[in-house]
2 protein chains.
Amino acid sequence: MSDSSTTQNAHPASLDAARLDGTDLALLAELERNGRLTNAALAERAGIAESTCTQRLRSLRERGVIRAFRADIDPAALGLSLQALITVRLGTHGREQVHGFERGVRTLPNVLTAFHVAGADDYLLHVAVPTAAALRELVLDHLTTQPHVRHVETQLVFEVIPGPGLVAAGQPA
Amino acid sequence: MSDSSTTQNAHPASLDAARLDGTDLALLAELERNGRLTNAALAERAGIAESTCTQRLRSLRERGVIRAFRADIDPAALGLSLQALITVRLGTHGREQVHGFERGVRTLPNVLTAFHVAGADDYLLHVAVPTAAALRELVLDHLTTQPHVRHVETQLVFEVIPGPGLVAAGQPA
DNA sequence: AATGAAAGGTAGGAGAT
DNA sequence: ATCTCCTACCTTTCATT
């Protein structure tokens, strides 16, 4: 196993629709379901030799098609049993403000993902917290205090429903 | 490698804050960054024997702390270079409507994740599509046509910003 | 719960097609 | 680009502490 930490971000600048053949798609589909499949098992399922599989995998990582392999961890098991979506509007929208806010978000604990969106709102933050009190603190101490934040709105998340997977949606039917 | 596909969902009903010691957290933190770390490397980083690491890992999966291992795939590489957040409001909110809608969402291609939220809106769908035309089709053919959908609003996603990771936020500082 | 040893499985490269 | 074969490494069970 090459074990290059997360996958060196040596992407060639984000390729659009890398040329992926059926074998690549099969590998991706398997690895999206089970990222810890052994190379041997993967090769067998795709009907190719193990060494070929190794090379294909390396190529997919180097091209940035596979960005990383991640353990999918239950937030509740870490004591983060409350999730919320927080809508954020900035007062000014220059490059500096945007970059500043994003830099902050990347290190804000409790933020799972942030979306920069078009429209009246600027950001949507998906967060996980232990308690309602922690959520309030997050909003009051780390968001409304940020220099260019003009408006914040919080929605409780009842449930997160996974979609059918990326590869299922790939390439036109 | 035990290779039980995704991780059999034999969770004990969703444990809240499973008892996780420092070693467990170290393992989770590593695996969140690199889910394909070998057991040997993981053991070394955590300062435990390889056989111990195997057991810890098995336990974490069996308890549902680790739900799965997934390849993180670049949507653009699959030709899905446009992302959006779609807000959905239902007309009626009985159990049947909610379950029906969720069942539909789970099989809707292009849906990466759906959030069931509290408030004026009922759902937020994170989708990835190849083109603006495909987005329009998704909304018109698969959402507004659903029986209990009353209102749909679409926001373009400029950028998805990853948070610092779940484990970073775990347990109070 | 954690460990070391040992058997069996796996990874990735060299060289040929 | 793919394959077969080979060696070094990895995984895991089990007896032991």
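Each chain gets a letter, A, B and so on, in the order its sequence line appears, and its residues count up from 1.
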Can you say whether a donor on the side chain of A/S51 sits under 3.5 Å from an acceptor on the base of D/dT4, or the other way round?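 By the distance-only test, yes, there is a pair.
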If you measure from the Lys or Arg side-chain nitrogens to the Asp or Glu carboxylate oxygens, is any gap between A/D122 and A/R150 under 4.0 Å?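 Salt bridge flag = no for A/R150 with A/D122.
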Going by an N to O cut-off under 4.0 Å, is there a salt bridge joining A/E32 and B/R70?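 No salt bridge links A/E32 with B/R70.
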Taking atom [atom2] of [N] as reference, at what distance in whole Å does atom [atom1] of [X] sit?
X: B/E44; N: D/dT11; atom1: CD; atom2: C1'; answer: 16 Å
X: B/L57; N: D/dT12; atom1: CG; atom2: P; answer: 9 Å
X: B/L37; N: D/dC10; atom1: CG; atom2: P; answer: 12 Å
X: A/I48; N: C/dT10; atom1: CD1; atom2: P; answer: 16 Å
X: A/R19; N: D/dA1; atom1: CZ; atom2: P; answer: 15 Å
X: A/N39; N: D/dT11; atom1: CG; atom2: P; answer: 13 Å
X: B/L42; N: D/dC10; atom1: CG; atom2: P; answer: 13 Å
X: A/E62; N: C/dG12; atom1: CD; atom2: P; answer: 13 Å

Check the orientation of B/Y123 and B/F101. Use parallel for under 30°, tilted for 30 to 60°, and perpendicular for over 60°.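 The arrangement is tilted - the two ring planes meet at 30° to 60°.
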Do [X] and [Y] make a side-chain contact, defined as non-hydrogen atoms from C-beta onward lying under 4.5 Å apart?
X: B/D21; Y: B/R56; result: yes
X: B/L124; Y: B/V88; result: no
X: A/F158; Y: A/Q83; result: no

Which heavy atom of A/P162 sits nearest to which heavy atom of B/R106, and what is that distance?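 Heavy-atom minimum between the residues: CD-NH1, 3.7 Å.
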From C-beta outward on A/T38, which listed nucleotide comes closest to its side chain: D/dC3, C/dA1, C/dT10?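 So the nucleotide nearest the side chain must be C/dT10.
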Just checking B/A40: base, sugar-phosphate only, or nothing, at a heavy-atom cut-off of under 4.0 Å?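 Result for B/A40 = sugar-phosphate.
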Is the distance from OP1 or OP2 of D/dA1 to the nearest side-chain N or O of A/R58 less than 4.0 Å?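 The answer is no; no side-chain N or O of A/R58 sits under 4.0 Å from OP1 or OP2.
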Tell me whether the OP1 or OP2 atom of C/dA1 has a side-chain N or O from B/R56 closer than 4.0 Å.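 The answer is no; no side-chain N or O of B/R56 sits under 4.0 Å from OP1 or OP2.
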Most 5' of B/G47 and A/T54 on DNA chain C, judged by nearest nucleotide: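 Mapping each residue to its closest nucleotide by heavy atoms, the 5'-most match is B/G47.
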Quick check: on DNA chain C, is the nucleotide nearest B/E50 upstream (toward 5') of the one nearest B/D21, or the reverse? Name the residue that is more 5'.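 By nearest-heavy-atom nucleotide position, the 5'-most residue is B/D21.
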Compute the bend angle of the helix from C/dA1-D/dT17 to C/dT17-D/dA1 from the end axes (five pairs per end), rounded to 10°.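 The two end axes of the helix from C/dA1-D/dT17 to C/dT17-D/dA1 meet at 30°.
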